[in-house]
Amino acid sequence: MAEKMQAMVLTKLAPIETRPLKLMSIDKPTIKGRMELILEIEACGVCRSNLHLIEGDWKKYGAPSSLPVIPGHEVVGVVKKLGDGVKKVKAGDRVGIQPLFSSCLQCDYCTSGRENLCESAEITGETVQGGYAEYISALEEFVTPIPDNFDSAHAAPLFCPGITAYKAVKASEPAAGKRVGIFGIGGVGHLAIQIAKIYGARVLATSRTRKHIDLSKKVGADNAIAYQDSDVQFLKNLTEEEGLLDSAIVFAPSDRVIDVAIRSVKKAGIVVLAVRGKVADFPTFEEKIIKGSVIGTRKDMADLVKMASSPGLQVIIEKHRLAEANEVLGRLKKSEVEARAVLIP
Ligand SMILES: [Zn+2]
Ligand SMILES: [Zn+2]
């Protein structure tokens with residue numbers, strides 16, 4: 001008989017208030033391929049994407065690809081079993097899995113260091129089983145080792161908010177003397193502020209809630225301006241306090257915030273969108289540049305883990321039990337989580 005594990009399983013897409021994730025005892029994953037690993041999970045971050053997936057917002061994008069599914073895509077665990085072709089990791093190593101579970105490694109994107117764009121990518125917790133569980137399978141080529149100075153609960157958020165922030169901040173071309181605005185502060189934004197600071201930029205943070213304005217200051221934003229309901233008031237405050245920005249990065253899933261971010265940058269400035277949303281009015285004659293950004297590559301992941309341990313990133317977390325996933329996602333929906341909630345099986 002197969003060995004069992006506990007997992008929070010999604011069998012039906014539904015609002016989080018109806019507690020759609022059920023704690024179940026299911027078969028543990030087993031090694032099926034030569035390059036596979038089985039990890040005993042030590043921590044899995046709770047992402048807003050998980051909420052979109054569970055509530056059916058992303059059905060139109062094909063996620064999840066099937067049900068039942070175990071959500072969760074920022075996972076840290078210890079290697080317990082490995083296929084006989086695995087060379088780079090050994091039993092007992094601590095590694096992380098990011099949303100990009102695997103890619104084909106053969107297409108133009110994959111062979112040019114842009115495997116996050118691969119058409120046949122598998123996404124952790126969406127097209128393959130994710131990390132709201134005690135065990136998970138992974139592939140040698142797509143895991144990243146965790147340095148000893150990072151405990152698993154603090155390392156887990158590096159694997160989605162961290163890499164998302166890192167890639168988007170790089171796309172904003174931060175440098176000393178540049179003003180970068182971060183729109184939307186939380187799991188991703190609080191890391192993006194710190195990464196942009198490491199590049200030497202002046203960082204302006206903005207969010208709707210007082211809690212997230214305070215968080216921005218705590219992690220080193222040079223200025224934080226609340227974005228309430230008036231775009232006009234926000235833009236007035238911004239121009240008075242900072243002047244227009246060189247670049248803006250949007251992590252808040254709101255068409256209105258995207259619009260305000262575009263209006264917050266100088267002519268020829270850069271706007272990085274790391275969320276799905278609509279660009280209502282593209283100011284062609286201002287020569288602004290709008291870039292999309294999605295998670296990151298294996299190299300981005302390794303570079304970020306290095307950056308996170310030295311000079312160091314302050315990853316702010318709160319810990320919860322696996323069985324509390326519905327409640328935690330409910331709080332995330334209401335913007336009650338300060339930075340990142342992490343499930344500990
Ligand atoms: Zn995520
Ligand atoms: Zn590919």
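Remember, it's 1-based here, ligands and their atoms both numbered in the order they're listed.
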Ring geometry between W58 and H52 (parallel below 30°, tilted from 30 to 60°, perpendicular above 60°): parallel
Ring-face cation of R276 near Y61 (centre distance under 6.0 Å, axis angle within 45°): yes
Under 3.5 Å donor-acceptor, H190 side chain and I316 backbone: yes
Closest non-hydrogen atom pair between V78 and E42, with its separation: CG2-OE2, 3.4 Å
More than 12 heavy atoms from other groups under 6.0 Å of OH on Y109: no
Which residues share a side chain to side chain donor-acceptor pair (under 3.5 Å) with S293, sequence neighbours left out: none
More than 12 heavy atoms from other groups under 6.0 Å of NZ on K59: no
Flag if over 12 foreign heavy atoms under 6.0 Å of NZ, K170: yes
Near the Zn ion (ligand 2) (under 2.8 Å) - protein N, O or S atoms: C104 SG, C107 SG, C110 SG, C118 SG
Protein N/O/S neighbour count - the Zn ion (ligand 1), strictly under 2.8 Å: 3
side-chain hydrogen bond (donor to acceptor under 3.5 Å, both in side chains) contacts in which one or both residues fall within residues 90-100, not counting sequence neighbours: K90-D93, R94-S152
